[in-house]
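Reading through the structure tokens given below for one structure.
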Amino acid sequence: MVGCSSAANLDGGQAGETDSDALGGFASGESLSASQGDSGTEGTSEVSGGSFTTGGDDPGPATTSSSGELPAPPSDEPAPSDEKDPQNVPEADLCGGDQVTAWRLAARDPDAMSSPAHAREAMLGPWPSLTSVAIRPWEFLNYYTFAYPLAPPGELLAGAQLRASKDDLGDMFELQVAIRGPELAEADRPPVHLTLALDNSGSMEGKALELLKTAGHVLAGKLRAGDTVAVVSWNQADAPLLPATMVAGPNDPKLLAAIDGFTVGGSAELTQALSAGYAQADMAYVPKDINRLILISDGGATATQDDLEEMAKRAGDVAYKTGVHAIGVGVGDPGLYRSGLIDAIGVAGAGPSIYVGSTEAAEIQLGKRFLSLVGLTASTVDVRVTLPPGLQLEPASAPDAEAVGQDHVTAAPTDNSVVHRRLRPCVADLDMNGVLEVEIRWADAVSGEPKQTVAQWKLTELLSGETAWLQKGEAVLAYAAALRAIQYYAGDTLAIEQAWERLEAAKKALPDDPELAEIGQVLAALQEP
């Protein structure tokens with residue numbers, strides 16, 4: 001789930017947060033034991049993790065007007081398709097009758113957050129350019145925060161917001177589903193055992209090295225007495241800068257000395273980094289604690305298939321024996337950073353992938369979001385939406401798009417994930433008392449116990465409820481579409497105009513949201529000559 005790491009507000013709220021009692025369509029259901037329901041985890045891949053979000057959340061042809069002035073940017077990567085249940089019944093037969101339609105929502109790189117941070121740094125820096133940025137729209141709902149209510153301890157919470165709208169095809173509804181993790185205070189978290197693997201290749205000289213050390217200092221400040229940490233370079237032949245060591249508390253002097261004394265130069269390969277890193281991680285490993293390998297790099301290396309398989313194997317969770325999940329942290333100048341390696345580490349290692357392009361970004365992503373970065377509440381998270389008769393889910397990708405498998409979706413504490421979809425009525429007299437249902441199935445991250453929760457709302461209830469976070473989601477997706485359009489068609493004013501329109505609507509609902517203000521800064525930079 002997006003464990004969205006990404007869409008998390010770890011302080012439990014943000015400026016402009018709506019009171020939880022007023023958030024339309026938020027409810028929790030009871031957990032079901034294994035005997036009460038199927039875990040629903042079959043058919044998922046075991047090589048990805050993180051916050052649940054959508055792989056098909058590209059908001060569509062934002063660069064195409066009703067007159068067809070410009071085509072939408074081509075899709076570089078295959079997106080997964082939502083799965084209908086039952087698969088063999090045509091949508092028209094289900095939607096036009098009196099049967100409900102159930103969909104399993106697809107996820108794509110559900111804890112990847114590198115793209116929006118990279119775009120922000122690239123456009124707000126001294127030399128604005130998106131040339132080196134891979135715009136991956138599905139990452140934007142991971143990165144930005146949506147302060148939905150937190151789940152009870154040990155549970156996940158489902159929420160929904162719905163807004164009626166129209167487009168060139170007629171009536172439609174914008175649906176946003178949120179999956180929220182439980183609240184967890186810093187003082188109540190399990191002990192953390194981190195291994196920092198630092199890229200020592202020559203390309204790290206300069207800003208990348210500076211930000212690597214900044215990232216290390218921020219992480220050091222989040223540790224407490226009883227946690228352990230090790231520091232190694234990406235050259236297995238080098239001795240560890242700091243063997244697995246129990247820290248005395250935040251900013252342990254031994255850890256800070258190891259980070260400050262790190263230098264670049266010499267051989268640096270991911271295979272050697274994994275070998276050196278896992279060796280130290282094994283020394284500190286405690287089965288039910290948080291065990292993480294954090295690889296910090298400017299992305300100037302490649303991951304072999306053997307590397308990816310090793311990370312996936314080591315990230316495997318079994319009951320009462322959690323895996324060593326790998327986290328990719330990209331650093332460096334936005335014009336030089338390459339996200340491919342960091343993204344691959346996150347997917348294979350079942351952990352987040354982030355980009356740190358400034359001290360401020362390090363404080364937010366590694367400091368404020370520390371619990372959702374390293375923590376894990378649920379694995380094999382499966383989200384299903386059941387629509388009332390007369391409503392159908394609009395495909396999130398083109399009919400001829402290549403299908404890719406579902407991700408191994410996880411959820412982190414104090415975190416939420418957001419899924420955005422469009423619904424269309426297929427009958428003239430849609431029953432507004434029809435019920436929309438969100439079902440979440442998952443496995444407890446430590447015990448492996450299957451759990452389940454169900455939330456239901458009438459359409460009238462959702463349509464009369466709060467839509468602030470849905471409008472923020474629409475603004476975020478329109479912003480991602482504008483960035484992507486500008487890359488393909490410089491000066492595409494239509495995409496930017498649509499993004500501004502969505503942004504202004506969201507700012508009316510959330511006037512004090514700093515992230516919306518930041519998006520406005522980037523959109524303004526896109527319009528500068």
Side-chain angles (χ1 to χ4, degrees), residues 4 6-9 11-26 53-54 57-60 62-63 65-66 116 119-120 123-124 137 140-149 159-168 171-178 180 364 416-423 457 459-483 485-486 492-528:
C4 271
S6 55
N9 185 332
D11 296 325
Q14 73 177 49
E17 178 176 358
T18 308
D19 183 88
S20 60
D21 291 336
L23 278 170
F26 222 100
T53 187
T54 168
D57 276 338
D58 187 331
T63 60
S65 69
S66 58
R120 175 193 179 277
M123 287 307 302
L124 297 183
F140 283 68
L141 290 180
N142 292 346
Y143 178 77
Y144 289 102
T145 60
F146 299 82
Y148 287 95
Q161 292 186 354
L162 188 69
R163 184 178 71 87
S165 184
K166 289 180 180 292
D167 64 4
D168 291 344
D171 293 335
M172 67 172 184
F173 298 93
E174 298 281 357
L175 171 68
Q176 187 158 290
V177 173
R180 192 66 153 130
I364 293 173
N416 66 235
S417 302
V418 171
V419 181
H420 203 100
R421 292 290 187 269
R422 285 179 177 173
L423 309 179
W457 308 269
L459 296 180
T460 52
E461 179 185 356
L462 289 175
L463 289 171
S464 62
E466 179 61 61
T467 61
W469 301 115
L470 182 150
Q471 291 184 73
K472 181 174 182 178
E474 291 176 341
V476 166
L477 292 175
Y479 164 58
L483 291 171
I486 290 298
D492 184 355
T493 58
L494 179 59
I496 297 179
E497 289 169 3
Q498 291 177 334
W500 275 117
E501 181 181 347
R502 295 290 194 183
L503 179 63
E504 291 305 315
K507 288 171 71 174
K508 288 180 181 178
L510 297 167
D512 299 318
D513 190 306
E515 293 178 340
L516 293 176
E518 175 190 290
I519 289 173
Q521 288 181 295
V522 179
L523 288 176
L526 289 175
Q527 294 177 302
E528 293 179 359

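The shown structure was predicted, so the numbers you read here are calculated from the model rather than taken from an experiment. Just so you know, residue 1 is the first one in the sequence shown, and it goes up from there.
- Applying side chain to side chain contact (heavy atoms under 4.5 Å, CB included) to V418 and the options Q176, K472, R180 leaves one that passes, Q176.
- In this structure, L162 and W457 have side chains that are not in contact, with every pair of non-hydrogen atoms separated by 4.5 Å or more.
- Of all heavy-atom pairs spanning A164 and L463, the tightest one is N-CD2, 3.7 Å.
- The distance from the CD atom of E174 to the CG atom of L423 is 8.5 Å, given to the nearest 0.5 Å.
- Residues M172 and D167 approach most closely at SD-OD2, 3.5 Å, considering heavy atoms.
- With values rounded to the nearest 0.5 angstrom, E474 atom CD is found 12.0 Å from L503 atom CG.
- Note that the CD atom of E504 and the CG atom of L516 stand 9.5 Å from one another [nearest 0.5 Å].
- Of all the heavy atoms in A160 and L462, the pair that sits closest is O-CD2, 3.4 Å.
- Between W469 and F146, the ring-plane angle classifies as perpendicular under the 30° and 60° cut-offs.
- Across all non-hydrogen atoms, the minimal contact from Q471 to A506 is O-CB, 3.5 Å.
- Although no hydrogens or angles enter the test, the distance criterion places a donor-acceptor pair under 3.5 Å between the side chain of Q161 and the main chain of L470.
- D492 CG to L526 CG: the interatomic distance, rounded to the nearest 0.5 Å, is 10.5 Å.
- When atom types are taken as modelled, the side chain of Q498 and the backbone of A478 share no donor-acceptor pair closer than 3.5 angstrom.
- Counting non-hydrogen atoms of neighbouring residues, nucleotides and ligands closer than 6.0 angstrom, the CD atom of E501 reaches no more than 12 such neighbours.
- Contact check for L523 versus W500: side-chain heavy atoms found under the 4.5 Å cut-off.
- Residues L477 and P137 come closest through the heavy atom pair CD2-O, 4.4 Å.
- Take E518 and apply the salt bridge (charged side-chain N to carboxylate O under 4.0 Å, His left out) test, not counting sequence neighbours, and it matches R120.
- When all heavy atoms are compared, the tightest approach of D513 to E515 is OD1-N, 2.8 Å.
- Under the 4.5 Å side-chain criterion, counting only non-hydrogen atoms from C-beta, Y144 is in contact with I519.
- With rounding to the nearest 0.5 Å, the separation of CD in Q527 from CD1 in I496 is 5.0 Å.
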